[in-house]
*Asks:* 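First the structure, then my questions, so here it is.
All chains are named by letter (A, B, ...) in the order of the sequence lines, taking the proteins before the strands, and each is independently numbered beginning at 1.
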2 protein chains.
Amino acid sequence: MQPARRITLTDDVYAAVQALIMDHEVQPGARINIDALARRLAVSPTPVREALARLESDGLVSKTPLVGYTATPLLTRAEFEELVEMRLVLEPAGAAKAAGAGLDTGELAGLRGAADLPGPGGADAVAAFTAQDARFHHTLAELSGNRMLHAAVVRLRAHLHLFRLHFPTAHYGVSASEHHRIVDAVDADDADAAADAMRAHLTAARDRHLPFFESR
Amino acid sequence: MQPARRITLTDDVYAAVQALIMDHEVQPGARINIDALARRLAVSPTPVREALARLESDGLVSKTPLVGYTATPLLTRAEFEELVEMRLVLEPAGAAKAAGAGLDTGELAGLRGAADLPGPGGADAVAAFTAQDARFHHTLAELSGNRMLHAAVVRLRAHLHLFRLHFPTAHYGVSASEHHRIVDAVDADDADAAADAMRAHLTAARDRHLPFFESR
DNA sequence: CGCCCGCAAATCCTATAGGATCTTTGATCG
DNA sequence: CGATCAAAGATCCTATAGGATTTGCGGGCG
């Protein structure tokens with residue numbers, strides 16, 4: 001039996017500010033006033049500063065000494081292409097590793113569960129979709145058995161926050177089927193097929209996201 | 001003309017603590033007493049806490065709420081293999097990208113300069129060698145043109161701190177020649193050859209490091 | 001002899017205050 | 001009218017203090 005609040009205020013603030021930025025309640029590129037943020041969260045500036053320091057290492061905010069913190073701006077088209085390229089380097093390798101790792105049935109079942117994606121219905125369908133999509137990719141990276149690769153994949157997700165509000169909602173089923181094709185290859189212990197399926201998925205997802213940049 | 005101290009105390013402390021850990025002046029796995037560290041650096045605990053928060057995101061320390069920070073322990077053999085695997089995923093891809101990027105002569109000259117490694121002479125030969133080796137790998141990753149890949153490569157270097165004091169000093173020339181072979185391939189715009197040369201270098205470096213684990 | 005409980009010391013965590021720096025506003029000069 | 005400079009305000013940064021929690025140690029019980 002554990003007390004009501006196991007974690008510290010700093011950790012709470014860290015999660016809260018992360019959510020504020022990911023949900024664009026703090027505009028990308030906007031200055032972050034530490035005192036105002038502290039008042040908004042009903043805490044003192046001290047834990048806010050500590051949370052911001054961690055978020056800077058995560059790439060969600062950037063700091064200018066003696067000036068203040070700024071929410072990281074939206075990705076440019078070029079940065080988006082770099083992100084895709086980076087994922088194309090990391091994630092197919094992770095899928096291949098997972099395929100060769102001899103996963104047990106429990107791990108495979110968990111991966112299959114994460115591969116399913118919620119439909120377009122529901123109150124906050126976009127958030128539910130992105131959360132589940134992240135869970136699948138993170139789970140697969142974790143099952144690669146390489147903790148550093150897993151950490152790198154998780155870290156990249158932070159840079160995707162510009163899409164939280166612009167996710168193309170018309171292709172839910174397509175993404176899910178691509179996920180399942182990857183799981184099938186992993187299940188069959190076919191490393192090459194798993195890597196290929198992941199590459200196809202990432203490339204297709206890239207094309208689905210591209211229209212976002214046309215309208216800017 | 002700029003004032004004597006352009007950066008803040010927190011940034012100074014961050015660099016100082018990073019050096020303390022990388023140089024093993026703080027034993028890997030040891031608890032970190034915030035107050036004692038603050039006294040040692042002649043500052044208050046506040047900037048120390050902020051620096052530690054950033055170092056946690058960097059992977060150099062880990063935090064347990066209400067208990068304190070701990071210096072990250074030395075890599076186990078398994079973690080070392082994962083690190084090598086991760087570098088084999090990232091760095092050959094970066095070398096290939098750099099080879100296809102059409103670098104100008106200035107960039108190539110900078111890379112060639114970084115490829116040279118200091119000889120075994122000198123006061124702190126090990127530190128000089130590791131610093132120059134890091135500069136080469138970071139420069140090459142930067143020239144890939146992918147900022148996220150560059151950042152990931154730099155981030156991995158932090159986990160190498162266990163070798164700072166155990167670098168095999170007998171193979172300076174070998175490493176340098178492997179570096180130059182990579183540069184040659186990049187210079188020839190041969191992406192496949194650059195990736196192959198990087199893979200060969202990383203694999204060879206892995207084998208050179210392995211004896212360290214035998215003696216533990 | 002080993003285990004468990006309770007108290008004291010150490011440490012962490014948060015809030016607050018004051019000094020230092022940057023930004024903005026307004027007035028003066030060219 | 002535009003540019004420059006100075007002062008006021010806002011904000012950041014660091015130090016300090018006190019409350020909350022954990023850890024270490026000693027005594028008591030089984």
*Asks:* CG of A:L9 versus C1' of C:dC13: gap in Å, rounded?
*Replies:*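 Distance check: A:L9 CG to C:dC13 C1' gives 9 Å.
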
*Asks:* Could you walk me through whether A:T130 and A:D133 satisfy the side-chain hydrogen bond (donor to acceptor under 3.5 Å, both in side chains) test, starting with their C-alpha distance in whole Å, then the side-chain angles of each, then the deciding distance to 0.1 Å, before giving a yes or no?
*Replies:* CA-CA 5 Å; A:T130 54; A:D133 183 67; over 6 Å; no

*Asks:* Kindly state which residues belonging to residues 37-51 of chain A come within less than 4.0 angstrom of DNA chain C, counting heavy atoms of the residue only, listed by number.
*Replies:*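 The stretch gives A:V43, A:S44, A:P45, A:T46, A:P47 as the residues lying under 4.0 Å from the strand, ordered by number.
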
*Asks:* Could you write out DNA chain D as dot-bracket? Rules: Watson-Crick or G-U wobble, both distances under 3.5 Å, brackets [ ] for crossings, | for pairs with another strand, dot for unpaired.
*Replies:* ||||||||||||||||||||||||||||||

*Asks:* Starting from P on D:dA15, measure out to CG on B:D12 and report it in whole angstrom.
*Replies:*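 After rounding, the gap between these two atoms is 11 Å.
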
*Asks:* Residues in side-chain hydrogen bond (donor to acceptor under 3.5 Å, both in side chains) with B:E178, at least two apart?
*Replies:*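 For B:E178 the side-chain hydrogen bond (donor to acceptor under 3.5 Å, both in side chains) partners, ignoring immediate neighbours, are B:H201, B:R208.
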
*Asks:* Output the residues of residues 29-36 of chain B in contact with DNA chain C, where contact means a heavy atom of the residue under 4.0 Å from an atom of the strand; sort by number or write none.
*Replies:*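 The answer is B:I32, B:N33, B:I34, B:D35.
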
*Asks:* Under a 4.0 Å threshold between the charged nitrogen and the carboxylate oxygen, would B:R206 count as salt-bridged to B:E81?
*Replies:*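 Counted as a salt bridge, because a side-chain N and a carboxylate O are separated by less than 4.0 Å.
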
*Asks:* How many whole angstroms separate atom OH of A:Y69 from atom P of C:dT21?
*Replies:*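 Between P of C:dT21 and OH of A:Y69: 18 Å.
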
*Asks:* Just so I know, are the side chains of B:L41 and B:V17 near enough to count as touching, which here means a heavy-atom distance under 4.5 Å?
*Replies:*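 Heavy-atom side-chain distance check passes, below 4.5 Å.
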
*Asks:* Answer yes or no: does a side-chain N or O of A:T10 lie under 4.0 Å from OP1 or OP2 of C:dT14?
*Replies:*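 So the side chain of A:T10 is within the cut-off, an N or O lying under 4.0 Å from OP1 or OP2 of C:dT14.
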
*Asks:* Where do N or O atoms of nucleotides 17-20 of chain C meet protein N or O atoms at under 3.5 Å, pair by pair?
*Replies:*
none

*Asks:* Restricting to ring-ring contact (aromatic ring centres under 6.0 Å, His included), what partner residues turn up for B:Y69, sequence neighbours left out?
*Replies:*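 With neighbours one apart ignored, the set is empty.
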
*Asks:* For side-chain hydrogen bond (donor to acceptor under 3.5 Å, both in side chains), just list the numbers for B:D116 and B:H179, CA-CA rounded to whole Å, side-chain angles, deciding distance to a tenth of an Å, and then say yes or no.
*Replies:* CA-CA 8 Å; B:D116 284 321; B:H179 282 185; over 6 Å; no

*Asks:* Taking atom P of C:dC12 as reference, at what distance in whole Å does atom CG of B:L52 sit?
*Replies:*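 Nearest whole value for this atom pair: 9 Å.
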
*Asks:* Does B:L210 reach the side chain of B:R77, with side-chain heavy atoms less than 4.5 Å apart?
*Replies:*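 Sidechains of B:R77 and B:L210: in contact.
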
*Asks:* CE of B:M148 to CG of B:L90: how many Å apart, nearest 0.5 Å?
*Replies:*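 It comes to 13.5 Å.
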
*Asks:* Identify the two heavy atoms, one from A:F136 and one from A:L111, that lie closest to each other, and give their separation to 0.1 Å.
*Replies:*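 That would be CE1-CD1, 3.8 Å.
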
